[in-house]
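What follows is a single structure, written as structure tokens, with notes after it.
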Amino acid sequence: MNFSNAIVQKPGISYSEGITTSNLGKPDITLALKQHETYCRTLEKCGLTVERLEAAPSFPDSVFVEDTAIITGKIAVIARPGDLRRRGEEKIIEESISKYRSLVYIKEPGTVDGGDICQAGNHFFIGISERTNHEGVKQLESILSEYGYSSSFIEVNHTLHLKSGLNYIGDNYLLIHEQFLNNPVLKDWGKIVVPEKEAYAANIIRINDYLLVAEGFPETQSKLKQLNIPLIVLDMSEFQKMDGGLSCLSLRF
Ligand code: CIR
């Protein structure tokens, strides 16, 4: 996955009022800001130019910018968040993305969260979840095929988004939560499996020569080490509390 740019948005003062199912307690905003800054510097270390958007306190979840768009090499698709509390975040990001790509839009009644879309080379896995509906998938598939990309869809039942449980490592390998192990859509792909007890570790990001992984998941980490891709381990505690992972914090392209 060769990227040169990223867009991020700082967590705002209202961050702890965002949506969560985690039961891990309220996030500490000071620590979240520190972890966010470390994350941004890590993206820079991986070779990306990082555009940092100011916080948007009226949208507590807006730090999770990944959900607002799908940026491919050829086009950017502005998403339509499936949870009404997040509807409008996509408008904030639009201007920044329009500097790099032409924009197309997911339209009503379609809903798509970027966290449900996983690009693996020229193929896109699209999750159907509580946030991304069939109509959204239909629209997205049609846009992607117009630009020469293939896609397949996957039902997401055990996690918030597809990418909470399935991510592309590179070289036709996926890191998957065990819920996806026997999914026929994945039969031709190499798989490294994350056990339920380390479920959060399934969200990783491959950026150029590096693999970014969350701290605290030894079994997954030792499996990934065998790939001989340099790992960068980041403390994600304050984002995990709000159901967010490594991929959610940036748009990479
Ligand atoms: C939400 O529930 O929408 C946020 N609290 C977490 C979003 C995480 N985003 C992602 O997985 N792409």
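Owing to the predicted nature of the structure, the values given are computational and were not obtained by experimental measurement. Atoms within a ligand are numbered from 1 in the order they appear, just like the ligands themselves.
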Inset, instruction - Report yes or no: does Lys163 have a heavy atom closer than 4.0 Å to ligand 1? - result: no
Inset, instruction - Using a strict 4.0 Å cut-off to heavy atoms of Gly115, name the atoms of ligand 1 that fall inside it. - result: 12 (N)
Legend entry - Backbone or side-chain N or O of Asp243 under 3.5 Å from ligand 1 N or O: no
Inset, instruction - Return the orientation label for the Tyr15 and Phe64 ring planes: parallel under 30°, perpendicular over 60°, tilted otherwise. - result: tilted
Legend entry - Candidate with minimal heavy-atom separation from atom 11 (O) of ligand 1, of Arg86, Arg131, His161: His161
Inset, instruction - Say whether Thr20, considering both its backbone and side-chain N or O atoms, lies within less than 3.5 Å of an N or O atom on ligand 1. - result: no
Inset, instruction - Check whether any side-chain heavy atom of Ser142 lies under 4.5 Å from a side-chain heavy atom of Gln139, and answer yes or no. - result: no
Legend entry - Residues Glu219, Lys197: salt bridge by 4.0 Å N-O rule: yes
Inset, instruction - Might you point out which heavy atoms bring Ile126 and Ser151 nearest each other, and give the distance in Å? - result: CD1-CB, 3.9 Å
Legend entry - Taking atom 10 (C) of ligand 1 as the reference point, the nearest protein heavy atom with its distance: Cys248 SG, 2.7 Å
Inset, instruction - Could you tell me whether Glu44 and Arg41 make a salt bridge, using a distance below 4.0 angstrom between a side-chain N and a carboxylate O? - result: no
Legend entry - Contact check: Met242 vs ligand 1, nitrogen or oxygen atoms, below 3.5 angstrom: yes
Legend entry - Contact check, side chains of Arg131 and Leu160, non-hydrogen atoms, under 4.5 Å: yes
Legend entry - Parallel, tilted or perpendicular: rings of Phe217 and Tyr200 (30°, 60°): tilted
Inset, instruction - Report yes if Ser247 has an N/O atom closer than 3.5 Å to an N/O atom of ligand 1; otherwise report no. - result: no
Legend entry - Member of Phe180, Trp189, Tyr149, Phe153 meeting the ring pair (Phe, Tyr, Trp, His ring centres under 6.0 Å) criterion with Phe125: Trp189
Legend entry - Identity and distance of the protein heavy atom lying nearest atom 4 (C) of ligand 1: Asp61 OD1, 3.3 Å
Inset, instruction - List the closest protein heavy-atom neighbour of atom 9 (N) of ligand 1: residue, atom name, distance to the nearest 0.1 Å. - result: Asp67 OD2, 2.9 Å
Legend entry - Test of proximity, Ile19 against ligand 1: N or O pairs below 3.5 Å: yes
